[in-house]
Amino acid sequence: MAFPAVARAQDAGWPRRSVRLIIPFPPGGTTDLIGRLLAERLTTRLGQAVVVENRGGAGGNIGADAVAKSEPDGYTYLMASIGTASINYAAYGPRMPYKPEDLAAVGLVTRVANVLLAGKDQPIANVAEMIATAKRKPGALNYGSSGTGGSPHACMELVKSRLGIEIQHVPYRGSGPMLTELVGGRIELAMDNIPSALSFIRNGQIRALAITSKERSAVLPDVPTMHEAGFSDFDAVAWFGIQAPAATPAPIVARMGREIDFLVRQPEWIAKMREFAAEPPRLTPEGGTTPEAFATFIRSEITRWAEVAQVSGMKVE
């Protein structure tokens, strides 16, 4: 009975200064977009500034490793992605600079579908035409992603392995640089999270071929799912959450977890996320998140994507 009172006493003085949120990708991508929106709202909730720091590179591993090795004092957090928290362990293998146990789960923030894209000047209007072109010209097509190991990379490698087609992967240091190259015609195809690609699609700068969730997106209602395009049971959705250095005091992790859970269940936040085709965490019956539920979720995702990597041969060369 005394434990909740002790925990509250331990985190009562936190935070006494600004909190740092490291986003392990450059500005302009989905991780950056959601991270900044979250930081803004956490600043109000915590009464201290939550300062965003972009530290990209190596598929998010540089920023994630910086958090894993930071002082575990409750003042440094990672805006984790499905890549940094699960896929990268399979894609990078022994080259990973940190281990799952080096980071503590705090809360899942949102889930986001990916979208398969083509340059607007490419003679590829749908998935069938992409397949036909790839089979006619093996290795001639290039596709871009926001970095090796992220869900866009994993999704496309899964597509390639199931179809037996050869399309060359061109990793970038985030969605922003990759989309610029796609718009400029320097790559033919791309896979990306819907939020970062949405404005380019709506402006007619790039073409959406299919999305990777089970159901069509409300923000892209005319774009078919991969299932509709002929990939039975295809469901590969990205997600984003908050992690901390592993030794961060449990009461502070719990407090931050409660703040994230409160924010992600607010109607205003849910409505804002759905503008980008992002959905609530739904790790608890109330639709929210807890550190314990997020930790369980991460472990299941690490196992799932290790199996996908084994089947598809996805790895960092």
Side-chain angles (χ1 to χ4, degrees), residues 28-30 82-83 87 111-148 150-172 174-238 275-279 308 312 314:
T30 302
I82 185 176
I87 298 173
R111 307 178 194 236
V112 181
N114 292 320
V115 57
L116 176 61
L117 305 161
K120 66 180 179 63
D121 296 325
Q122 295 300 319
I124 299 174
N126 51 53
V127 174
E129 291 180 2
M130 179 197 75
I131 295 170
T133 303
K135 289 186 174 181
R136 189 169 63 251
K137 302 176 181 179
L141 293 177
N142 295 305
Y143 84 91
S145 79
S146 55
T148 300
S151 67
H153 176 211
C155 280
M156 196 63 178
E157 291 302 307
L158 185 58
V159 168
K160 288 167 53 181
S161 68
R162 288 180 64 171
L163 287 173
I165 57 177
E166 184 180 350
I167 302 175
Q168 300 301 317
H169 179 218
V170 183
Y172 289 87
S175 292
M178 181 271 293
L179 290 166
T180 298
E181 294 289 281
L182 182 63
V183 171
R186 286 174 285 278
I187 52 175
E188 294 82 21
L189 301 164
M191 184 75 81
D192 197 19
N193 305 138
I194 290 178
S196 47
L198 190 57
S199 64
F200 293 88
I201 297 168
R202 286 175 169 169
N203 292 337
Q205 294 172 282
I206 55 180
R207 184 182 297 128
L209 306 183
I211 63 170
T212 62
S213 55
K214 288 182 179 179
E215 299 178 352
R216 290 198 182 199
S217 168
V219 299
L220 294 172
D222 297 328
V223 180
T225 65
M226 293 295 290
H227 178 80
E228 290 175 294
F231 291 81
S232 60
D233 301 321
F234 195 99
D235 184 26
V237 177
E275 291 178 13
F276 310 115
E279 294 294 324
V308 170
S312 68
M314 180 187 66

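Residues take their numbers from the sequence shown, with the count starting at 1. Nothing here was measured: the structure is a model prediction, and the numbers come from that model.
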Novice: With rounding to the nearest 0.5 angstrom, report the CG to CG distance, L189 to N142.
Specialist: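 L189 CG to N142 CG: 8.5 Å, rounded to 0.5 Å.
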Novice: Could you pull out all residues at least two apart from E188 that satisfy salt bridge (charged side-chain N to carboxylate O under 4.0 Å, His left out)?
Specialist: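 For E188 there are no salt bridge (charged side-chain N to carboxylate O under 4.0 Å, His left out) partners, ignoring immediate neighbours.
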Novice: Yes or no on side-chain contact (heavy atoms from CB on, under 4.5 Å) for S217 and V223, after CA distance, side-chain angles and deciding distance?
Specialist: CA-CA 8 Å; S217 168; V223 180; over 6 Å; no
Novice: Please examine the side chains of I187 and M178, heavy atoms only from C-beta on, and report whether any two atoms are closer than 4.5 Å.
Specialist: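 Yes, close enough: below the 4.5 Å cut-off.
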Novice: Do L220 and L198 have side chains that approach each other closer than 4.5 Å (heavy atoms only, starting at C-beta)?
Specialist: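 Heavy-atom side-chain distance check passes, below 4.5 Å.
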Novice: Using a 4.5 Å cut-off on heavy atoms from C-beta on, say whether the side chain of H169 contacts that of E157.
Specialist: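 Of all side-chain heavy-atom pairs linking H169 with E157, at least one is under 4.5 Å.
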Novice: Nearest 0.5 Å, please: how far is SG in C155 from CD1 in I87?
Specialist: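 I87 atom CD1 to C155 atom SG measures 7.0 Å (nearest 0.5 Å).
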Novice: For G204, does its backbone N or O pair with a side-chain atom of K120 as donor and acceptor, under 3.5 Å?
Specialist: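 No, because the side chain of K120 does not come within donor-acceptor range (under 3.5 Å) of the backbone of G204.
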Novice: Locate the shortest heavy-atom distance separating R207 from Q122; write the atom from each residue and the value.
Specialist: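 Minimum heavy-atom contact is NH1-O, 3.0 Å.
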Novice: Hey, what do you get for CG (L117) to CD1 (I124), rounding to the nearest 0.5 Å?
Specialist: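 Going from CG on L117 over to CD1 on I124, the span is 11.5 Å.
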Novice: If you take all heavy atoms of G28 and S196, which pair is closest and at what distance?
Specialist: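 Result for this residue pair: O-CB, 3.9 Å.
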Novice: Are H153 and Y143 close enough that some pair of their side-chain heavy atoms sits under 4.5 Å apart?
Specialist: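 H153 vs Y143: side chains touch.
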Novice: Quick check: do L182 and Y172 have side-chain heavy atoms less than 4.5 Å from each other?
Specialist: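 No, too far: nothing below the 4.5 Å cut-off.
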Novice: Short question: side chain of S145, backbone of P152 - any donor-acceptor pair under 3.5 Å?
Specialist: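 Checking the backbone N and O of P152 against the side chain of S145, no donor-acceptor pair under 3.5 Å is found.
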Novice: For Q205, does its backbone N or O pair with a side-chain atom of N203 as donor and acceptor, under 3.5 Å?
Specialist: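 No; judged by distance alone, with no hydrogens or angles, the pair does not exist.
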Novice: Provide the closest heavy-atom pair for V219 versus E275 in the form atom of the first, atom of the second, distance.
Specialist: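 Reported closest heavy-atom pair: CG1-O, 3.4 Å.
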Novice: A side-chain contact here means heavy atoms from C-beta on lying under 4.5 Å apart; do F231 and V159 qualify?
Specialist: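 In short, these two side chains touch, coming nearer than 4.5 Å.
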Novice: Minimum heavy-atom separation for A278 and V112, please, with both atom names.
Specialist: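 Minimum heavy-atom separation between A278 and V112: CB-CG2, 3.7 Å.
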Novice: Does E228 reach the main-chain N or O of T225 with its side chain, forming a donor-acceptor pair under 3.5 Å?
Specialist: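 Judged by distance alone, yes, a pair lies under 3.5 Å.
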Novice: Between atom OG of S151 and atom CG of N193, what is the distance when rounded to the nearest 0.5 Å?
Specialist: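 Taking OG in S151 and CG in N193, the distance rounds to 5.0 Å.
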Novice: Going from CG on N114 to OG1 on T30, what distance comes out if it is rounded to the nearest 0.5 angstrom?
Specialist: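 Here the rounded value is 8.5 Å.
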Novice: Would you check if M191 and T212 make a side-chain contact, meaning some heavy-atom pair closer than 4.5 Å?
Specialist: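 In contact.
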Novice: Taking E279's backbone N and O only, do any of them form a donor-acceptor pair with R111's side chain (distance below 3.5 Å, no angle check)?
Specialist: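 Absent.
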Novice: Got a sec: does the CD of E129 have more than 12 other heavy atoms crowding it under 6.0 Å?
Specialist: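 Atom CD in E129 is crowded, with more than 12 foreign heavy atoms closer than 6.0 Å.
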Novice: If we check side-chain contact (heavy atoms from CB on, under 4.5 Å) with D192, which of these qualifies: L116, L179, I206?
Specialist: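 When side-chain contact (heavy atoms from CB on, under 4.5 Å) is applied between D192 and each of L116, L179, I206, only L179 qualifies.
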Novice: Hey, what do you get for CE (M130) to NZ (K135), rounding to the nearest 0.5 Å?
Specialist: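 NZ of K135 is found 10.0 Å from CE of M130.
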